[in-house]
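Order of listing sets the numbers, starting from 1, for every ligand and every atom in it. Only this structure's heavy atoms are used, side chains among them; waters, hydrogens and symmetry mates stay out.
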Amino acid sequence: MSNVPVAVVTGSNKGIGFAIVRALCKQFPGDVYLTARDPGRGQEAVAKLQEEGLHPLFHQLDIDDLQSIRALRDFLKEKYGGLNVLVNNAGIAFKVHDTTPFAVQAEVTLKTNFFGTRNVCMELLPLVKPYGKVVNVSSMVSSSALGRCSQELQQKFRSDTITEDELVKLMTKFVEDTKKSVHEKEGWPNTAYGVSKIGVTVLSRIQARMLNEKRKGDHILLNACCPGWVRTDMAGPKATKSPDEGAETPVYLALLPSDADGPHGQFLSDKTVRSW
Ligand code: NAP
């Protein structure tokens, strides 16, 4: 088994994830895994970084596929006995003018952004080694969508005692409510992406609390962040940050020094803790 530290970035064949891998290859003292659901796109991305003189490794990972997540889990367990850095970056967003029915957009978006991310966490968090770092890439849109929820939902999503089960039930309810076209009446904002990222931010707060309760002595730091508005296939060419700039906050959180006792359980943008 290798004692080399290991970092894993989900959805890193392009966009912000790719830039996070690039930065980690330069700054993380260990093996860095670029992962992609499509091995062809993944290997192409690895080759691009190799041309820059960097040496990422590759593993397939589709966060929508539990078997794929478990294959990565088993690989990390066997080869490294765990992992040191996990960046949950993979995500999707329908374009504003996409005419796919809203209920379908809600189901598909939540499936990857919330449920897929949660499944990766369920399988990989137990493997994170002491002093490890976990970064969940959320979005400022989670904050703005929170502000457009009913007071009752806002209170639940801001609660310091909400459980993961309760959060899963709420995310499931959102999808069900969109199918019945009652989501607005039920207090939800009209944004599937926004609700999925509320889920990611709240999940991060819950996970950090669980780490405090169950693994306090392990000094693991887990946070959610927004990369900013970044020029990628998701956000388009008008966005203000380059992918490398978008990678800065996630990479800052992934590389917090081992003597840091925070941030933990926070939501950050531009390396600054934001109120939730
Ligand atoms: P992007 O260019 O569209 O890249 C998304 C990445 O996620 C791609 O590598 C994609 O792989 C991967 N992915 C999607 N579904 C996946 C799945 N089921 N399993 C594994 N990988 C999957 O988007 P981006 O702008 O870099 O976004 C990265 C993260 O930042 C997302 O979580 C996004 O919500 C968040 N974010 C972005 C912005 C922004 O302005 N760009 C702002 C706030 C937050 P494929 O190539 O196979 O599709």
Exercise. Nearest heavy atom to atom 13 (N) of ligand 1 wins, so pick from A90, P243, G42.
Key: A90
Quiz item: If you count the atoms of ligand 1 from 1 in the order shown, which ones are under 4.0 Å from a heavy atom of D233?
Solution: 2 (O)
Self-check item: Atom indices of ligand 1 within 4.0 angstrom of G228 heavy atoms, with elements
Solution: 38 (C), 39 (C), 40 (O), 42 (C), 43 (C)
Practice problem: For ligand 1, indicate whether the residue F18 contacts it via side chain, backbone, both or neither (heavy-atom separation under 4.0 Å). | Solution: neither
Quiz item: Has N13 got any heavy atom lying under 4.0 angstrom from an atom of ligand 1?
Solution: yes
Quiz item: For atom 2 (O) of ligand 1, which protein heavy atom lies nearest, and how many Å away is it?
Solution: T232 CB, 3.5 Å
Practice problem: Within a distance under 4.0 Å of any heavy atom of W229, pick out the atoms of ligand 1 and give their elements. | Solution: 40 (O)
Quiz item: Quick one: which ligand 1 atoms are inside 4.0 Å of a heavy atom on S139?
Solution: 43 (C), 44 (C)
Quiz item: Taking K197 for the side chain and V137 for the main chain, is one N or O donor matched with an acceptor at less than 3.5 Å?
Solution: yes
Quiz item: Has the side chain of T35 got a donor or acceptor atom that lies under 3.5 Å from a matching backbone atom of V9?
Solution: yes
Quiz item: How does R231 reach ligand 1, by side chain, by backbone, by both or by neither, if only non-hydrogen atoms under 4.0 Å count?
Solution: neither
Quiz item: Closest heavy-atom contact between A36 and G42?
Solution: CB-CA, 3.7 Å
Quiz prompt | Residue R41 vicinity, atoms of ligand 1 by number, heavy atom under 4.0 Å | solution = 45 (P), 46 (O), 47 (O)
Quiz prompt | Sub-4.0 Å heavy-atom approach of S68 to ligand 1 | solution = no
Quiz prompt | Residue-ligand contact S138/ligand 1, heavy atom below 4.0 Å | solution = yes
Self-check item: Which residue and heavy atom of the protein sit nearest atom 26 (O) of ligand 1, plus the separation
Solution: I16 N, 2.8 Å
Quiz item: Side chain or backbone of K241 under 4.0 Å from ligand 1, or both, or neither, by non-hydrogen atoms?
Solution: neither
Quiz item: For atom 1 (P) of ligand 1, what's the nearest protein heavy atom and its distance?
Solution: K14 CE, 3.9 Å
Quiz prompt | Atoms in ligand 1 with a heavy atom of A235 nearer than 4.0 Å | solution = 39 (C), 40 (O), 41 (N)
Self-check item: Atom indices of ligand 1, in the order listed, that fall short of 4.0 Å to a heavy atom of G15
Solution: 2 (O), 26 (O)
Exercise. For atom 19 (N) of ligand 1, find the nearest protein heavy atom and state the residue, atom name and distance (0.1 Å precision).
Key: I63 N, 2.9 Å
Quiz item: Looking only at heavy atoms of D64, does any of them come nearer than 4.0 Å to an atom of ligand 1?
Solution: yes
Practice problem: May I ask whether A93 places a heavy atom under 4.0 Å from ligand 1? | Solution: no
Quiz prompt | From N113, N89, L61 - option closest to atom 28 (C) of ligand 1 by heavy atom | solution = N89
Practice problem: Starting from the C-alpha separation in whole Å, work towards a yes-or-no answer on ring-ring contact (aromatic ring centres under 6.0 Å, His included) for F75 and Y33. | Solution: CA-CA 12 Å; F75 167 80; Y33 278 85; 5.6 Å; yes
Quiz item: Closest non-hydrogen protein atom to atom 35 (C) of ligand 1, residue and atom name please, with distance?
Solution: V137 CG1, 3.7 Å
Practice problem: Could you tell me whether I92 approaches ligand 1 through its side chain, its backbone, both or neither, with non-hydrogen atoms closer than 4.0 Å? | Solution: side chain
Quiz item: Strictly by modelled atom types, are T100 and D98 linked by a side-chain donor-acceptor pair under 3.5 Å?
Solution: yes
Quiz item: What part of V141 sits under 4.0 Å from ligand 1 if we count only heavy atoms: the side chain, the backbone, both or neither?
Solution: neither
Quiz item: About how many Å separate CD1 of I162 and CZ of R209, when rounded to the nearest 0.5 Å?
Solution: 8.0 Å
Quiz prompt | Heavy atom of M140, distance to ligand 1 below 4.0 Å | solution = no
Quiz item: Checking T249 side chain against K271 main chain: does a donor-acceptor pair fall under 3.5 Å?
Solution: yes
